[in-house]
Amino acid sequence: MASKVLMKGNEAIGEAAMIAGCRHYFGYPITPQSELPAYLAKHMPKRDGVFVQAESEVAAINMVYGSGGTGVRVMTSSSSPGISLKQEGISYIACAEVPCLIVNVVRGGPGLGNIAPAQSDYFQAVKGGGHGDYKLIVLSPSSVQEMADFTVLGFDLADKYRTPVMMLSDGYLGQMMEPVALPEATNIKKYDKPWATIGARGRGQNLISSIHLVPEDMEKHIEHLYKKYAEIEKNELLYEEYQCGDAEYVMVSYGITARICKTACVMAREQGIKLGLLRPKTLWPFPKMPISKLAQSKNVKGFISVELSTGQMIEDVRLAVNGLKPVELFGRTGGVVPTPNEVLTNVKRLFSIK
Amino acid sequence: MASKVLMKGNEAIGEAAMIAGCRHYFGYPITPQSELPAYLAKHMPKRDGVFVQAESEVAAINMVYGSGGTGVRVMTSSSSPGISLKQEGISYIACAEVPCLIVNVVRGGPGLGNIAPAQSDYFQAVKGGGHGDYKLIVLSPSSVQEMADFTVLGFDLADKYRTPVMMLSDGYLGQMMEPVALPEATNIKKYDKPWATIGARGRGQNLISSIHLVPEDMEKHIEHLYKKYAEIEKNELLYEEYQCGDAEYVMVSYGITARICKTACVMAREQGIKLGLLRPKTLWPFPKMPISKLAQSKNVKGFISVELSTGQMIEDVRLAVNGLKPVELFGRTGGVVPTPNEVLTNVKRLFSIK
Amino acid sequence: MKDKAKILEEVKTMKKVATRPKCLSDRTFHYCPGCTHGVVHRLVAETIDELAIQEKTIGVAPVGCSVFAYWYFNTDFSQAAHGRAPAVATGIKRSVPGSVVFTYQGDGDLAAIGTAEIIHAANRGEKITVIFINNAIYGMTGGQMAPTSLINQKTQTSPYGRDSETMGYPIRVSEMLSGFEGVKYLSRVAVDTPANIVKAKAAIKKAFQTQLEGKGFSMVEVLSICPTDWGMNVPDSKKWLQENMIPYYPLKEFKAPKAEDAKGGE
Amino acid sequence: MKDKAKILEEVKTMKKVATRPKCLSDRTFHYCPGCTHGVVHRLVAETIDELAIQEKTIGVAPVGCSVFAYWYFNTDFSQAAHGRAPAVATGIKRSVPGSVVFTYQGDGDLAAIGTAEIIHAANRGEKITVIFINNAIYGMTGGQMAPTSLINQKTQTSPYGRDSETMGYPIRVSEMLSGFEGVKYLSRVAVDTPANIVKAKAAIKKAFQTQLEGKGFSMVEVLSICPTDWGMNVPDSKKWLQENMIPYYPLKEFKAPKAEDAKGGE
Amino acid sequence: MGRVIISEETCKGCEACVLVCPAKILKLSEHLNESGYHPVSCVDQSKCTGCASCYRVCPDIVFEVYR
Amino acid sequence: MGRVIISEETCKGCEACVLVCPAKILKLSEHLNESGYHPVSCVDQSKCTGCASCYRVCPDIVFEVYR
Amino acid sequence: MSKKNNKFPLNLVIAGFGGQGVLLAGKLIAEAGLHEGREVSWIPSYGPEMRGGTANCTVILSDSEIGSPVVENPDVLMILNRPSMDKFLPSLKKDGICIYNKSIIEGFTPRSDVKMIAIPASEIADKIGSTKLLNMVLVGSFMANSKAFSEESLAYALKKSTSAKHQNLLPLNEKAILEGAKYI
Amino acid sequence: MSKKNNKFPLNLVIAGFGGQGVLLAGKLIAEAGLHEGREVSWIPSYGPEMRGGTANCTVILSDSEIGSPVVENPDVLMILNRPSMDKFLPSLKKDGICIYNKSIIEGFTPRSDVKMIAIPASEIADKIGSTKLLNMVLVGSFMANSKAFSEESLAYALKKSTSAKHQNLLPLNEKAILEGAKYI
Ligand SMILES: Cc1ncc(C[n+]2csc(CCOP(=O)(O)OP(=O)(O)O)c2C)c(N)n1
Ligand SMILES: Cc1ncc(C[n+]2csc(CCOP(=O)(O)OP(=O)(O)O)c2C)c(N)n1
Ligand code: SF4
Ligand code: SF4
Ligand code: SF4
Ligand code: SF4
């Protein structure tokens, strides 16, 4: 194991991206992700990479569309308002099957909001903030280590399925420092991309496009996409269960919040409360079956979705639980982050646990 | 009753908007909604109104933000890719509580897709395509008449709650012609807007803003928004039940698709199948309770969400049914519109009805 | 029929002086009768043939009547979002530096929604070639006002004519871009007459050559007609172009590598 | 303390020649030490006072260090999305034609993400006034390269200095906008010295007057310093502005209503 | 001395070529092609100069010109 | 003949005024204000010309100038 | 309100190239139907190109609320070009009517279980004065065959749909309609 | 790996104006902790303005996996200005330590159930050569009071966090640390 280095989450993404072979970044400044472009602006040139500060988020995502279409590993990053601006481009990218990594270091919204950590872009990432029928693979790291690991994973999944991947992080994970064991460059997979638009070079035309004028053709293409999505759901689900074995109450929580919940779990056990945590690492695909299984278990009396929003992921939890057990929400929003104690207190309140 | 005129849906919106007192339109051309700006470009000047073709959808939605902030009735319209571009602006507008009407004449997506009718922007409209915690009131007309009526309703709700309203239409409704009884100008309500930024005129500063730097302040503001949303859910739900009284199978369907389902209902009855239809007229608030009630009824054996997508509204149907009865999907996508016969055939297939 | 056979016999001994460029597919253009998109397609294709760059060219067409350009050009292609072709082209060129990348954009596309993208690609001196079709209107969406529509021009969204007081003035894009140092070739041409078409071809070729030589950004603005949305027949359209567009949008070579070496452009 | 009392006594018989404008609130600016946003705020406020338009003025501040401008100006305000102030101002002005609307935008805001909005507002001749703070950097987000950053300038995103080959050239916004007919007043000033500040004030006043007279679009580009993100103290910052920015961005009145009547601008 | 080969089915009858032919030998036909247009035809090939003006202005590459 | 009233607590010690005062009577104080800056002070009001240069360059409107 | 019953709902599809007046023909029929107090709906479908592409529209005339404005098997077809014939003829209801422009539609296999009405519409239109009148010829035939509305209602619809400055063309249009009405 | 046990997890909040070096102080402590093999986390929080606003960070040093990086009741506070004192002092754990810069913090009510360590840090820093060394003085005191890591580890962290061209400033920094370490 390589020795650990103390890094900010944003920087860990940058370093891991380069290790994963990414040499193309297109982005536009916004807090709280600015350390990522700053890191890449500094290090890309040393590795013959391309760092372009685009004129806007809209331009950046369309540069990614062009670049990813040539088969190189490419990424962009932004934070909430900037990600909203990218929605048209993301919809195009999903439709045209351009592999790429899109990082959202989520901040408090709606509107300009603030620069504190939030998880209120869940719907946008998971249900589709852009128009039309499509899905993104959505990865949710919960430590600086995972910021690095999921970056590598993201590029891999993007190439494997020819699909855009979003990393849904937040202001805390982006800005905090923790020790990281950087991924090994030798473990990086490479993929053939015979579809890339790099000049025809004697073969027939390659085309990156999202127009299908005849509805039946469009439907066929969407069916193709959804077959791929079904594969991804089957193969790529990631989640972690913590103290769920005998749990009477299960929190579902991701990202920075899951860490707070973990501490709350420990505190709960000290008080004799059987509290567990299910942490999705992939938000799409969502751990529907694992939650459904827990819902069917006799121990479990109820679920609590703990999120930094007014309640977004809770809909997916409810869909998974499907009425078998009560599902409650503990959410803080607008950039407010609860303490472990506050989480526990609210779990107890919601289920009248003494 | 005024005599009916044959109009396109897009034109009906335009005429109704002017009747509702709207004198400000900011938009950018896109098929299949172009008849609306063309209509307004022609008629606004005659009524001393302002028609501005903006340089882009992004500019248009921000003009709406400025204009609506002054208290005038203002609207914009676009179609799927253009609505994606407006997501940042919509999030700002929701946060800053700017009343306005946003029309999405949905077309086949994702990507550039095509210009045929679709309902695949449901998630974007109802869950929030923009960043952060917010809601839009989402109206779903199902005839040219309702295109007119819901335009008036939309302006009213926007002013009443100081909130953006989206009309989620589709390529068929926008382009089709039907006879319309235009709304009466005398029935239009007016609202005081002491918060409008029209120059201080001796009072203190008015401010239209969406920044709340301190997370606790932001959270308080979001709570304020959600209290308002709760009011809206209580007061403004609209839906129609058709042959649901004794129905064994209930289709949930909106917009143009609901009309096709209605014909399918009639055909079903002819075959002795007790098929009913629940048609949401407001997609947010969603008719959760009515569906839940039907789910609890002994007659009802199952639900079918019929939509022009790979399945978006079905999640809200499932959340309402909450596991009590099976919920199936019949969806066509990419601009393909099913015939009534096809709907019926698939309902029978999904529930093995002979 | 007999005639045809005779001619086919006669030409066997003659030299073919003009025929479909190799770089174009056999597909019939979907454009309206008389629409000059077809002419410009042909000029670009001839250029690609003559420079022998078909195998390393990647075209980028955003939305507009020419969104299906990829049906016609036998090169790799990327279909871009409305207005964003210069950004997409930037992404491509930065990833495949040895390639030749061109965008093919309408005036609604380039001068309205895509304003920021064209300006910044030009300013960065991206080594791409932009073919900019100025037909003073939005074609594909059925004839709305473009930033380049002339004063008093009637369109779907300026039914009483473009009024400078509320809708502003027609934007002279080439003049606006000529000030940027990253722009190395820039020319405005028209495709109304055979003579102008010959000049247009020369300009397009110079633009591609500028890219091939790695100099910087190159663009050709092509004054074009849209008979359908102008509501005129083809002869009238050409006359309208000559009498109204050319006076406001003078034909001119704004910048060329040679001149630039000497003086830094105009 | 004793001193202070004495002075307070002495000034009772004197004339107050310079004091906080009425249009500004009492709140202390949140800007960094030496940041000239404060100076420009004051100049705008003085102008509003002198023209007696406080009660009909609506300010628009997009994101940037000055996003909280509404804390300071005792006028109605709208806080706009990044880059979109000219669109927001258009919406306001078209809805309240009798009002005075100004935007206050940084160079990242106006010259990058907001390129299309500023160009089209200018071209439409929107009757608004734009205060454009050119400090050659993104301030609020911690010092990234702006379109106006100078060649070789080191920033967070050009750590080895701005390289024209890959990042393009600093954009001269006023020069670019001066060609638009809708633009009626346009000037570039600096706020480095008392003399230049006096000139800046005059320009800002003319810009507002242009709007009041209903002539069209007006803008003042203000060369400013950002000591924090430039990583310099205030004296060095002013020197840097004088030695590097002014030569590239010459101070100049590009357009003024009078001149325009005679000759149509420069 | 020239000859033109006209691909009737691709012609959209826009008259651009008719307008510019210096020999004035191009005319729209009476009959319609499959797309419903009156296609152009050359009424006197012997007068063709092979100048290729028709080829140049034709948006649909209807002509092949020989000299 | 002038006088300046300095609002110490709003001063951020940027020295802009010190730089431009023609009478050279402005200096940063030794002590810190509540915001942690060394505020400017006028060391000799009798030399003040009342030119208001300090007022002009001060971003924080620390000065009131009398004449 | 004249109710000619059992003819309704009457579902019609009109198809041809863009620019042939397909959409206007449908609109006239819908207006005429509305004038007689019917529920009507008109729904277009066309490609992105303004001309040269295909365009079609569906018109429903009904005595009761119209559910689906989309029709699988129309009662009547009005076909203006060859590709549309290939595309729509198979969908026509048994015993339905297919009115078509035989001037440019040739070489297809007609159906024997429907009524095929071949009209040299382009020629007729040219003769009256303009190829553009083609659609009116077919509308005339539709009126005569379907008896869905009276001549007066159609005349009213035509007048209403014609802009002030083109009112002088009304007689030519009416002539074309009457010529077409001869084909039953 | 030296484990000084039961001291850990140690939760620290550092707060002051932006520009006072709050974040760097925290980073040094985290690096020093990492150097001794601890799990560490560092999390900042600041306003939009670069200077003049408030900035604070939370550092955790622990012997096991760190769950929540957010801390409600820190074990140690390091306070650089008056507003931060008002904001954070109430949150300090009973028997915790509050190290603060008394040079500019006056007139607040100290708590009696915690250890208050008042340091004339600005003066000390000025004396050593630069007001900027203020944060180092406090870090020194933290080291001495918490015994969370050795002097060597801190020196290592300092060296690692100092860019090549500022290595010459190391001695001054170390001096400030040692001065601060006198306050226990
Ligand atoms: C985001 C977005 N907005 C609007 C449209 C609709 N649209 C398609 S093409 C076009 C403009 C066409 O005009 P122009 O660029 O001048 O090209 P032309 O068709 O005239 O060749 C528009 C507005 C779209 N496809 N996407
Ligand atoms: C859509 C969006 N993108 C990015 C940002 C982040 N952002 C805030 S201000 C700013 C630029 C600030 O620079 P400038 O406009 O030059 O103003 P200054 O701060 O220098 O006064 C940026 C990129 C944002 N808030 N919204
Ligand atoms: S609409 Fe205009 S630009 Fe488009 S193909 Fe037709 S004539 Fe050409
Ligand atoms: S080549 Fe010249 S002369 Fe011959 S047909 Fe064409 S235009 Fe006429
Ligand atoms: S008014 Fe002039 S002389 Fe007096 S302190 Fe200010 S700058 Fe100095
Ligand atoms: S210019 Fe203002 S803030 Fe700066 S030192 Fe002088 S008084 Fe203080």
Side-chain angles (χ1 to χ4, degrees), chain A residues 58 80-85 87-88 90-92 94-96 106 108-116 118 120-121 123-124 127-134 209-223 226 309-310 312 315 318-319 321-324 332-337, chain B residues 58 80-85 87-88 90-92 94-96 106 108-116 118 120-121 123-124 127-134 209-223 226 309-310 312 315 318-319 321-324 332-337:
Chain A
V58 171
S80 310
I83 296 288
S84 287
L85 285 170
Q87 291 305 321
E88 186 203 23
I90 290 174
S91 176
Y92 268 70
C95 191
V106 183
L112 183 50
N114 57 40
I115 56 174
S120 47
D121 299 356
F123 277 147
Q124 188 191 55
K127 303 296 168 190
H131 59 286
D133 285 311
Y134 72 91
S209 164
S210 72
I211 185 169
H212 298 272
L213 207 62
V214 179
E216 286 73 16
D217 295 348
M218 183 81 196
E219 187 174 53
K220 210 171 287 168
H221 180 65
I222 294 174
E223 276 164 9
Y226 274 75
S309 83
T310 54
Q312 300 193 6
E315 293 200 355
R318 288 216 167 104
L319 286 167
V321 171
N322 202 26
L324 288 180
R332 294 301 299 265
T333 183
V336 177
V337 180
Chain B
V58 171
S80 310
I83 297 288
S84 287
L85 285 170
Q87 290 306 321
E88 186 203 24
I90 291 174
S91 175
Y92 269 70
C95 191
V106 184
L112 183 50
N114 57 40
I115 57 175
S120 46
D121 299 356
F123 276 147
Q124 188 192 54
K127 303 295 167 191
H131 58 286
D133 285 311
Y134 72 91
S209 163
S210 72
I211 184 169
H212 298 272
L213 206 63
V214 179
E216 285 72 17
D217 295 348
M218 183 81 196
E219 186 172 54
K220 210 171 285 170
H221 180 65
I222 293 174
E223 275 165 11
Y226 275 75
S309 82
T310 53
Q312 300 193 7
E315 293 200 354
R318 288 217 167 103
L319 285 168
V321 171
N322 202 25
L324 288 179
R332 295 300 301 264
T333 183
V336 177
V337 180

Inter-residue atom distance A:M218.CE - A:C95.SG, 0.5 Å rounding: 4.0 Å

Greatest number of heavy atom pairs closer than 4.5 Å to chain A - which of B:P81, B:G130, B:S209, B:A96: B:P81

B:I83 versus chain A, the contacting section by heavy-atom distance below 4.5 Å: neither

From OG (A:S210) to CG (B:N114), nearest 0.5 Å: 10.5 Å

Top contributor to chain B interface from A:G129, A:A116, A:P110, A:S120 [non-hydrogen pairs under 4.5 Å]: A:P110

Between B:N322, B:D121, B:V336, B:T310, the one whose heavy-atom pairs under 4.5 Å with chain A are most numerous: B:T310

Top of A:R318, A:E88, A:Q87 for chain B proximity - count of heavy-atom pairs under 4.5 angstrom: A:E88

Aromatic plane relationship, B:Y92 with B:H131 - under 30° parallel, 30 to 60° tilted, over 60° perpendicular: perpendicular

A:I115 CD1 to A:S80 OG distance, which is reported to the nearest 0.5 Å: 12.0 Å

Per-residue contact mode, B:E223 against chain A (heavy atom under 4.5 angstrom): neither

Residue pair B:Y134 / B:Y226: nearest heavy atoms and the distance that separates them: N-OH, 3.2 Å

Residues A:D133, B:Q312; criterion side-chain hydrogen bond (donor to acceptor under 3.5 Å, both in side chains); working and verdict: CA-CA 9 Å; A:D133 285 311; B:Q312 300 193 7; 2.9 Å; yes

Under 4.5 Å from any heavy atom of chain A - which part of B:A118: neither

Pairs of heavy atoms under 4.5 Å with chain A: top-ranked of B:G335, B:G109, B:G82, B:P215: B:P215

Among A:V337, A:I211, A:V321, A:D217, residue most engaged with chain B (heavy-atom pairs, under 4.5 Å): A:I211

Best-contacting candidate, A:H212, A:E219, A:R332, against chain B by heavy atom pairs under 4.5 angstrom: A:E219

From OG (B:S91) to CD (A:Q124), nearest 0.5 Å: 8.5 Å

Under-4.0 Å salt bridge between A:K127 and A:E315: no

Chain A contact via B:V214 - which portion, at a heavy-atom distance below 4.5 Å: backbone

